[in-house]
Amino acid sequence: MRLLFKNIKELIQVRPKPISFVSGKQLKELPSIKNAYLLVENGLIADFGTMATCQNLSADTVIDATGKMILPAWCDSHTHLVYAGNREGEFVDRINGLSYEEIARRGGGILNSAKKLQETSEDELYAQSKIRLEEIIQLGTGAVEIKSGYGLTVAAELKMLRVIKRLRENYPVEIKATFLGAHAVPEIYKNNKSGYLQLLIEELMPVIAQEKLAEFVDVFCETGYFTVEDTERILQAGKQYGLTPKIHVNQFTAIGGVQIGVQYDALSVDHLEVLRDEDVNALKNTRTMPVALPACSYFLSIPYTPARTIIDAGLPLALATDYNPGSTPSGNMNFVVATACIKMKMTPEEAINAATINGAYAMGLEKKTGSITIGKQANLLLTKPISSYGFIPYAFGASQIEKVYIKGKLMTV
Ligand code: NIG
Ligand code: FE
């Protein structure tokens with residue numbers, strides 16, 4: 001099967017030589033080819049170049065992209081999109097003055113979602129979750145990481161991870177699974193957090209490793225949730241089971257989560273709304289990707305991750321949604337890219353790099369997706385006719401995407 005796009009106004013994020021991620025000043029460069037063609041063969045990017053060099057290429061399908069642009073599909077490296085029900089009630093409570101932390105202290109928050117999930121069958125959880133996955137594919141996401149962490153019992157955590165596995169088997173987008181048992185301490189372990197960590201390590205991790213249910217391990221390293229010592233215990237054990245750390249740090253308070261992540265070679269440290277100089281310094285000369293989640297800041301009205309500080313320090317940065325029922329009930333990467341530009345002062349080039357190649361790296365997919373590179377999956381966004389790629393974040397709140405292709409197939413979910 002050969003698919004040829006011709007007369008592409010601009011082919012964006014063209015990386016003839018494979019790269020892992022872009023950092024610092026490089027983030028401002030978004031390589032592109034104007035008036036381009038792109039050839040897809042058997043779901044992979046096979047060739048590309050300027051129209052002047054597109055000679056007599058044969059294809060089963062030819063698409064004329066005059067006036068339109070093509071860029072790699074979004075890479076969303078941080079979501080919790082497998083969950084049961086929603087938390088609209090808490091949304092209204094916050095409007096009426098309660099804080100996210102107060103709601104959690106009153107037994108709402110993550111524990112509220114865990115209760116709902118424990119009462120939901122695996123099939124029903126799958127049915128609810130697949131709607132969200134289909135929705136984000138339509139919005140242009142071509143690869144996504146999904147976490148457990150709303151189960152908080154052995155059975156319910158495994159239920160979540162099995163739902164993620166089913167989604168991976170049934171949809172063409174790449175899906176990576178993360179074990180986030182240490183998301184909150186369940187009520188019955190309220191006075192025995194150590195016992196809960198022991199359960200995660202001794203009862204869950206062996207099964208997860210045996211059944212290959214997750215590749216990454218996460219901890220909500222935060223005041224009132226899990227300390228740096230708790231985090232270290234989980235990461236240490238995770239390492240023994242081959243689980244790579246990708247952790248929640250510095251969302252509300254900076255307690256040393258960045259440092260412990262770096263120490264354990266975390267693939268990413270995510271949130272970072274509260275960032276100290278020492279946290280920025282700890283990330284220098286490492287392979288750990290900082291990940292910002294601006295839709296979470298927007299929804300909770302908390303500070304935005306200081307992207308300029310991070311990028312101007314020469315570090316890389318990825319953007320992800322954090323799609324979850326409590327802090328970010330949206331999986332829209334278009335909104336994330338726009339919000340990064342509008343609220344975090346990232347340029348369109350920086351935001352698109354952060355939402356494609358850097359996002360791919362933050363979930364170990366940089367060899368498969370995130371750029372226009374020969375041999376990578378043809379996960380592509382064909383835009384509507386637009387004046388420039390800067391129009392994508394400029395026209396915030398609306399999608400400029402006309403069609404989404406995953407592994408070369410048009411998505412009409
Ligand atoms: O990334 N901060 C921890 N976890 C999620 C929110 C969890 C929830 O409120 O359900 C987050 O924001
Ligand atoms: Fe999260």
Side-chain angles (χ1 to χ4, degrees), residues 1-23 25-75 140 142-143 333-334 337 341 346-361 365-395 399-410:
M1 249 312 271
R2 280 159 70 96
L3 167 67
L4 177 65
F5 295 92
K6 287 172 74 170
N7 304 316
I8 306 162
K9 179 171 177 171
E10 195 165 352
L11 180 62
I12 296 154
Q13 188 61 303
V14 173
R15 305 279 178 178
K17 284 210 189 78
I19 53 163
S20 297
F21 57 82
V22 277
S23 319
K25 286 194 176 65
Q26 300 168 330
L27 273 158
K28 275 210 163 47
E29 289 156 29
L30 185 63
S32 72
I33 301 176
K34 291 195 171 136
N35 195 20
Y37 74 92
L38 174 69
L39 180 69
V40 175
E41 198 166 359
N42 299 325
L44 302 178
I45 296 169
D47 194 11
F48 57 84
T50 60
M51 278 308 289
T53 61
C54 173
Q55 282 157 0
N56 303 322
L57 283 176
S58 65
D60 304 282
T61 311
V62 179
I63 293 168
D64 183 1
T66 300
K68 303 169 185 176
M69 305 200 175
I70 289 184
L71 65 153
W74 305 127
C75 299
M333 281 295 284
N334 305 288
V337 168
C341 295
M346 290 173 73
T347 65
E349 292 79 10
E350 289 174 327
I352 293 173
N353 274 317
T356 55
I357 188 64
N358 284 7
Y361 176 85
L365 287 174
E366 75 280 9
K367 289 195 173 69
K368 289 189 174 175
T369 190
S371 65
I372 305 295
T373 305
I374 290 174
K376 281 197 177 182
Q377 293 173 0
N379 300 339
L380 309 168
L381 306 181
L382 177 67
T383 70
K384 297 172 183 170
I386 51 174
S387 44
S388 78
Y389 56 73
F391 193 78
I392 298 171
Y394 167 79
S399 168
Q400 299 309 316
I401 299 166
E402 187 175 277
K403 292 200 165 76
V404 178
Y405 295 84
I406 302 296
K407 296 179 182 156
K409 284 212 174 64
L410 178 63

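Scope of the values below: all heavy atoms of this structure, side chains included, with no hydrogens, waters or symmetry mates.
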Taking atom [atom1] of [X] and atom [atom2] of [Y], what is their separation to the nearest 0.5 Å?
| X | Y | atom1 | atom2 | answer |
| --- | --- | --- | --- | --- |
| Ile70 | Lys9 | CD1 | NZ | 13.5 Å |
| Ser32 | Glu349 | OG | CD | 9.5 Å |
| Leu4 | Glu41 | CG | CD | 11.0 Å |
| Gln55 | Tyr37 | CD | OH | 9.0 Å |
| Thr61 | Leu3 | OG1 | CG | 5.5 Å |
| Thr373 | Ile45 | OG1 | CD1 | 6.5 Å |

With a 3.5 Å distance limit and no angle check, can you tell me whether [X] reaches the backbone of [Y] through a side-chain donor-acceptor pair?
| X | Y | value |
| --- | --- | --- |
| Asn35 | Asn7 | no |
| Lys68 | Thr383 | no |
| Ser371 | Ile357 | no |
| Lys34 | Thr50 | no |
| Asn353 | Glu29 | yes |
| Asn379 | Ile406 | no |
| Asn334 | Ile392 | no |
| Asp60 | Arg2 | yes |

Could you tell me if the side chain of [Y] sits less than 4.5 Å from the side chain of [X], heavy atoms only?
| X | Y | answer |
| --- | --- | --- |
| Ile401 | Met333 | no |
| Tyr405 | Ile63 | yes |
| Leu27 | Asn358 | yes |
| Leu380 | Ile372 | yes |
| Trp74 | Thr356 | yes |

More than 12 heavy atoms of other residues, nucleotides or ligands under 6.0 Å from NZ of Lys384: is that the case?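 Yes, NZ of Lys384 has more than 12 neighbouring heavy atoms, counting only those of other groups under 6.0 Å.
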Shortest non-hydrogen contact between Phe48 and Pro16, atoms and distance: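 So the two residues come closest at CZ-CA, 4.4 Å.
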